[in-house]
Structure formats: C-alpha cells, structure tokens
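Note that the structure is predicted; figures quoted are calculated from it, not measured. Per chain, numbering begins at 1; letters A, B, ... match sequence-line order. In what follows, every heavy atom counts, from backbone to side chain, and hydrogens, waters and symmetry copies are set aside.
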Amino acid sequence: AQSVTQPDIHITVSEGASLELRCNYSYGATPYLFWYVQSPGQGLQLLLKYFSGDTLVQGIKGFEAEFKRSQSSFNLRKPSVHWSDAAEYFCAVGGSIIQGAQKLVFGQGTRLTINP
Amino acid sequence: GAVVSQHPSRVICKSGTSVKIECRSLDFQATTMFWYRQFPKQSLMLMATSNEGSKATYEQGVEKDKFLINHASLTLSTLTVTSAHPEDSSFYICSAREWEGRQRQFFGPGTRLTVL
C-alpha cells in the first residue's frame, strides 16, 4: 500500500532563511507526487507536482522539489522564506489513471512557523 | 486555476440531526470528486470517491450509510452526515478532478462541522 511520511511535524525558520521540508514515500510503481499548502481553516493549494521527466520541479511561490527515486524522497525547498509562507504543508502520493490508483494519500503534514 | 467551492463553510448542529455539505466545481465539469476528512492537526484522510451518475466508492472503515454521497451532476457533489454525533465533528474537504485523463485535483476551501 502506498504511504507518505513527513518526518518533521513542526519546523521553525527565520524569515529570509532557506527551507527544506522532507517527504518520503512508499509506492509500488512510479509515483505521482504532490506538495500542497494549507493556510489555517482553509483548503489545499497545489504548490507543485511530479509526474515524469525532470526530477527537479518548479512550483508556485518560489518553491521547488526534487524527486529522488533511490531515496524514495520528494523534498520541498525554498531558498528564502517569507512570513507569508507560514502554513501547513502536505506531501501526497498518487497513482496514475492507468494504474487505477487515482487516490491521493497524504503525509501527516509539516507545520511551518516563520520567525521575524 | 480551476475553482471548487463548498457550502457551508461552517456549520454547527445538534447531535442526531443531519447535515448536508455541497461541493461545486465552478468553471469546469468534474467527473470525479473526492471527499476528505481532516481532524485537528492531522492529515487528510480520503473518505470516498464520487463519480457522476454512479454510486460512490467508500474507503475502508467509512460507513456509507452514515456519510451519504450524491454526485448528481458534473458540477455538484453532496455529502450528508446523517444522525451526526460529536465524534463526527471535523473539517470536511472536497476535491474535484477535471476529466478522466487529468491527475490534478482542485480542492475546495473546506467545511468545519461542529456537532454539539
């Protein structure tokens, strides 16, 4: 069964500092990988996704993530965080339509706090 | 990007009553919609997959008679929590997929249900 692990429940960084949020997945085939951001009391916004091709994907708001098959990881990075980046971040894995596993499985989430 | 709305955004009800939550895709037709449940400080858990014109597919452990899902049109899916109890209090989020070949899901803003 597919699963996602986000090892860090809560991370605090200073504004302007770099950020890396970790995500490890377990999936039997080539995964479709996603990062979402959730502000308090709101739904999810897609930051970026990986389906195939270049393993370094660029997303919105200056985020990027790198797919490393050998490590089963899809870590999210940002070179310089802004106070507005404070939110909950979720990594998710899903299968392809062809594989019939269209459902998304989410990690536990990482809460990001930004110090001024 | 595509827009998905949910109504109501918040609802408080008495134990034993039923509550209906609507999920609408505003600018696209959604053949498939998903319903998730999120407990405080936890991840999203998929409850069911709703396909237009057919019965919903429920995840293991989700009571289909408790959580009634109707997907009567390509732009509307409803989740009815029947005979709600305090343990049903949660954040319910829907998502919609544009068409069969698209993997990307667009999430609604969520509905906060509180059962007294």
Verify same cluster id: M33(B), V19(B) (apolar side-chain graph, 4.5 Å)
no
Of all the heavy-atom pairs spanning F91(B) and Q38(A), show the shortest one and how long it is.
CE2-NE2, 3.7 Å
Walk me through it: do L44(B) and L44(A) pass the test side-chain contact (heavy atoms from CB on, under 4.5 Å)?
CA-CA 10 Å; L44(B) 282 75; L44(A) 277 69; 3.8 Å; yes
Should the heavy atoms of other residues, nucleotides or ligands under 6.0 Å from NE2 of H82(A) be counted, would the total exceed 12?
yes
Shortest non-hydrogen contact from F106(A) to S43(B)?
CB-OG, 3.1 Å
Result block: side-chain N/O donor-acceptor pairs under 3.5 angstrom for residues 107-116 of chain A, not counting sequence neighbours:
unit_1, atom_1, unit_2, atom_2, d
Q108(A), OE1, Q6(A), N, 3.2
T110(A), OG1, Q6(A), NE2, 3.3
T110(A), OG1, D8(A), O, 2.6
T113(A), OG1, H10(A), NE2, 2.7

May I have the step-by-step check of side-chain contact (heavy atoms from CB on, under 4.5 Å) for F34(B) and L104(A), ending in yes or no?
CA-CA 10 Å; F34(B) 302 87; L104(A) 292 181; over 6 Å; no
Quick check: is V57(A) connected to I60(A) through a chain of hydrophobic side chains (ILVMFWY, heavy atoms under 4.5 Å apart)?
yes
Given a strict heavy-atom distance threshold of 4.5 Å, which part of L46(B) is in contact with chain A: side chain, backbone, both, or neither?
side chain
Can you tell which part of E59(B) gets under 4.5 Å to a heavy atom of chain A, answering side chain, backbone, both or neither?
side chain
Is there a path of hydrophobic side-chain contacts, each under 4.5 Å between heavy atoms of I/L/V/M/F/W/Y residues, joining V62(B) to M45(B)?
no
